[in-house]
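Note that the coordinates shown come from a computational prediction; the quantities given were computed from them, not determined experimentally.
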2 protein chains.
Amino acid sequence: MKMSDRKKKILQIVVDEYINTAVPVSSKSIAEKHLTDVSSATVRNELASLEELGYLTQFHTSGGRVPSPQAYRFYIEELMEKGNLSEKDLDYIERAFSGKSNDVEHLVKSVSKVISELTDYTSVGIGPHADEERIKNIALLSCGDGNALLVIVTGMRILRDSFIEIPESMTDEELENASKVIAKLFEGKALSEIKEVEDEVLAEFGQYRQVMHEVIDALKSYTRPRDEDVVLSGAEKIFNHPEYDDIDNVKNFLTVISSKDKLAEIIGDDNDEIQINVKIGSCDDKEVPEDCSVVTATYSAGGKNLGTYGVIGPIRMDYHKVITVLENVGKALEGIVGSKKKETDNKDGKDKDE
Amino acid sequence: MKMSDRKKKILQIVVDEYINTAVPVSSKSIAEKHLTDVSSATVRNELASLEELGYLTQFHTSGGRVPSPQAYRFYIEELMEKGNLSEKDLDYIERAFSGKSNDVEHLVKSVSKVISELTDYTSVGIGPHADEERIKNIALLSCGDGNALLVIVTGMRILRDSFIEIPESMTDEELENASKVIAKLFEGKALSEIKEVEDEVLAEFGQYRQVMHEVIDALKSYTRPRDEDVVLSGAEKIFNHPEYDDIDNVKNFLTVISSKDKLAEIIGDDNDEIQINVKIGSCDDKEVPEDCSVVTATYSAGGKNLGTYGVIGPIRMDYHKVITVLENVGKALEGIVGSKKKETDNKDGKDKDE
DNA sequence: GTTAGCACTTATGAGGTGAGAGTGCTAACA
DNA sequence: TGTTAGCACTCTCACCTCATAAGTGCTAAC
């Protein structure tokens, strides 16, 4: 069966209406409010046929129709009317990101918060993979009790490990020297390259091979994603949506969002090439809880990955709003981080003397 | 009216029973299960009198009785039977804290997790005030783009700030020297003492006064409590308790626990001298949400504050279990951190050369 | 292809009922 | 004076019924 224009129009009305009201929509209301030139009976015929095509479902015979996941997908891809945010919202984004430092933790938190505030849904953010970050500085700081703190600074991110054990015989001065050597060795390297230079580096450290081993292990550990990189914002926002008047839904939802692992899984395996990715519960992705929808975007600026951010909420989500917010936040980030990047590059150019 | 022994006994039965079953307890069940030597009518008379004293309330005439907050308080102070944890639980605690590093973030997280797992309630932890921490090491690490990272290491805690701006004219070498001078200046000082030495320190830095200003500001900022210090564990655990089958209660609860500020307020203003502190919703503390109860303990080891930890849940809480867990975790921490402290002290002694 | 009309289905809410649980009170008893 | 049996009273809860409203599917006519 072909999708006539009228079918599309009606489907769009159903989805729009349902997103706004959360009430199953009836043929009568469509005919009265939106398609005044035909009768409810005609609409009814169209609805029946849309149902046959898999776009609509009914809870019970007399309950109006509700869009299926397939309908949402079609809506997002073809039907949704484009439009931008209000001045107020754009302003909010602008102000939120002005004067932010280049610390990745702050960035992830504030991006996540902005998205949650503007969309009125719970938002999740996960920082960029550390793999490709290049080491800017690295130091071993003595703690005076047989331990040293390993600090690693990269372009967008400060990493640190718990303490590293150092031999009792190692003096503060030796530690300092080791620190300098290590800094020289690793400066400019990406974390993903550590493995490749491992053997070479170890060879240089005859006496303090063990310390170096620990340092390398710590560095390698940062290429794995960490719980701390996952940020949640606006968990309480789900209560603003009537599907979460039901305790079981809340339970389900809360169980998922209280596990950073699960969140990371849901958000994480995005295809980087898709700018906006929509996963609808159970049908697209078995990690996404049933009855939930996840919309994510992976941001980057100046060729640098800035992490993946998104919104998690009911399938009946205001996709238009959410997608528009995600797009605009992306643009804003690109602008701000992009301009910062430029400054940095210039300075780097000046400073560099190799 | 005086509290006869029998009244106490009956009150204890009511509280115990209600904590276990969450069902209002009736005179009949008390007479049948616990006080077989008197009739339900007698119990009824006692219950009526306990109600008059303010220890019990009824939702409706035929609904059995429920303990009032006052009853819980009395129960905790006088009636509750003491007893220790099972071997299994003690083992769990033991294992959880073995091999932990002295990084405060890890500590707070794992303590909070252990408490939540063992009590089956949501747990909150807040790290120790940084005020009294003594600086062990401090460094400025160049990031190569007009910024430097300030890293501060203290005994129990690693602090770090976002980047600090440094003058363009400052070379890496100068920065390194400044870093060394700063380390010497502040080593051994408590964060709370920064203010006192501020002027003196600034005087030493003719050329790079501005950098020093930023460093001092950053240091001072750490004496204020920060959101990041508050940790939440087992939020989903509330669903294991029937009072949270009600959506409004869940909403209330979730709204509170998703704000780190609110959590800090609830947990934070403990009197340090009280080992275990119980706050019952609205009657003890207006920060604690109504219908909620918060039990906290402030831990310390070797004279060092280790933070405040606790449990938040329904007023009908298993106080005995919770308090026992908190006590045992406290003891375990004291043992472990205490022994670590000793090691550290010895080494410090060796190393010190002033 | 569209429409009016009508029978059919189902949710929802009001109203009623009986069982069950628990209490308060009273009068009798030790 | 404390304890008890007995009984009337209150309140919840589950269950049923019933009327209503909303919405559909189908059919026959346009």
Side-chain angles (χ1 to χ4, degrees), chain A residues 1-11 13-15 17-18 20-68 71 242-243 245-246, chain B residues 1-11 13-15 17-18 20-68 71 242-243 245-246:
Chain A
M1 209 182 306
K2 229 191 101 241
M3 275 285 264
S4 68
D5 280 356
R6 192 169 66 185
K7 277 202 183 60
K8 286 185 188 172
K9 172 90 184 164
I10 288 177
L11 186 54
I13 292 168
V14 173
V15 178
E17 196 77 359
Y18 188 62
N20 281 330
T21 63
V23 173
V25 351
S26 73
S27 56
K28 199 179 149 208
S29 73
I30 295 176
E32 277 177 1
K33 285 192 234 160
H34 301 98
L35 283 184
T36 41
D37 52 335
V38 294
S39 78
S40 70
T42 308
V43 176
R44 209 140 57 226
N45 287 331
E46 296 285 47
L47 289 177
S49 130
L50 281 167
E51 187 168 346
E52 218 170 302
L53 289 167
Y55 289 107
L56 299 176
T57 51
Q58 290 178 285
F59 290 128
H60 30 262
T61 358
S62 68
R65 259 117 175 164
V66 159
S68 69
E243 18 278 277
D245 286 351
D246 178 64
Chain B
M1 206 182 309
K2 229 192 99 242
M3 276 284 265
S4 68
D5 281 355
R6 191 168 68 184
K7 278 202 183 57
K8 286 186 188 171
K9 171 90 183 165
I10 288 177
L11 185 55
I13 292 168
V14 172
V15 178
E17 197 78 0
Y18 188 63
N20 281 329
T21 63
V23 172
V25 350
S26 73
S27 56
K28 199 179 149 208
S29 74
I30 295 176
E32 277 176 1
K33 284 193 235 160
H34 302 98
L35 284 184
T36 40
D37 52 335
V38 294
S39 77
S40 69
T42 309
V43 175
R44 210 140 57 227
N45 288 330
E46 296 285 48
L47 289 177
S49 129
L50 281 166
E51 185 168 348
E52 218 170 301
L53 289 167
Y55 290 107
L56 299 176
T57 50
Q58 290 178 286
F59 290 127
H60 29 262
T61 2
S62 67
R65 261 116 174 164
V66 159
S68 70
E243 20 277 277
D245 286 350
D246 179 63

*How long is the span from the CD1 atom in A:I30 to the NZ atom in A:K28, to the nearest 0.5 Å?*
13.0 Å

*Does anything in residues 28-47 of chain A pair up under ring-ring contact (aromatic ring centres under 6.0 Å, His included), and if so which pairs, sequence neighbours excluded?*
none

Could you tabulate the donor-acceptor pairs under 3.5 Å formed by side-chain atoms of residues 36-47 of chain B, not counting sequence neighbours?
unit_1 : atom_1 : unit_2 : atom_2 : d
B:S39  : OG     : B:A41  : N      : 3.2
B:S39  : OG     : B:T42  : N      : 3.4
B:S39  : OG     : B:T42  : OG1    : 3.4
B:S40  : OG     : B:R44  : NH1    : 3.4
B:R44  : NH1    : B:S27  : OG     : 3.3
B:E46  : OE1    : B:K7   : NZ     : 3.3
B:E46  : OE2    : B:R6   : NE     : 2.8
B:E46  : OE2    : B:R6   : NH2    : 3.1

*side chain to side chain contact (heavy atoms under 4.5 Å, CB included) with B:A22: which residues, sequence neighbours excluded?*
B:P242, B:R316

_Ignoring hydrogens, what is the shortest heavy-atom contact between B:G63 and B:P24? Give both atom names and the distance._
O-CB, 2.8 Å

*Rounded to the nearest angstrom, tell me the gap between atom CG in B:L50 and atom C1' in C:dT23.*
15 Å

*Picking from A:L11, A:V25, A:V15, A:T57, what satisfies side chain to side chain contact (heavy atoms under 4.5 Å, CB included) with A:P67?*
A:V15

*Could you state the interatomic distance from OG (B:S4) to CD1 (B:I10), rounded to the nearest 0.5 Å?*
7.5 Å

*Specify the residues of residues 30-43 of chain B, ordered by number, for which at least one heavy atom lies under 4.0 angstrom from an atom of DNA chain D.*
B:D37, B:V38, B:S39, B:A41, B:T42

*Enumerate the residue pairs fulfilling ring-ring contact (aromatic ring centres under 6.0 Å, His included) with a member in residues 35-55 of chain A, sequence neighbours excluded, ordered by first and then second residue.*
A:Y55-A:F74

*Under 4.0 Å from any heavy atom of chain B: name the first and the last nucleotide of DNA chain D that qualifies, 5' to 3'.*
D:dT3 to D:dT12

*Got a second to check how far A:S49's OG is from A:L53's CG, nearest 0.5 Å?*
5.0 Å

*Taking only residues two or more places apart in sequence, or in another chain, which ones meet B:E32 in a salt bridge (Lys or Arg N to Asp or Glu O under 4.0 Å)?*
none

*Which residues satisfy the side chain to side chain contact (heavy atoms under 4.5 Å, CB included) test with A:D246, sequence neighbours excluded?*
A:D248, A:N249

*With sequence neighbours left out, what residues match A:K33 under side-chain hydrogen bond (donor to acceptor under 3.5 Å, both in side chains)?*
A:E17

Between the protein and nucleotides 12-22 of chain C, list every N/O to N/O distance that falls short of 3.5 Å.
unit_1 : atom_1 : unit_2 : atom_2 : d
C:dG22 : O4'    : B:S62  : O      : 3.2

*To the nearest angstrom, how far is A:L47 atom CG from C:dG1 atom C1'?*
16 Å

*For DNA chain D, just give me the dot-bracket, please: Watson-Crick or G-U, both distances below 3.5 Å, ( ) intra-strand, [ ] crossing earlier pairs, | paired with another strand, . unpaired.*
||||||||||||||||||||||||||||||

*Starting at the 5' end of DNA chain D and moving along, which residue's nearest nucleotide shows up first, B:E46 or B:H60?*
B:E46

*Can you name the side-chain hydrogen bond (donor to acceptor under 3.5 Å, both in side chains) partners of B:E51, sequence neighbours left out?*
B:R65

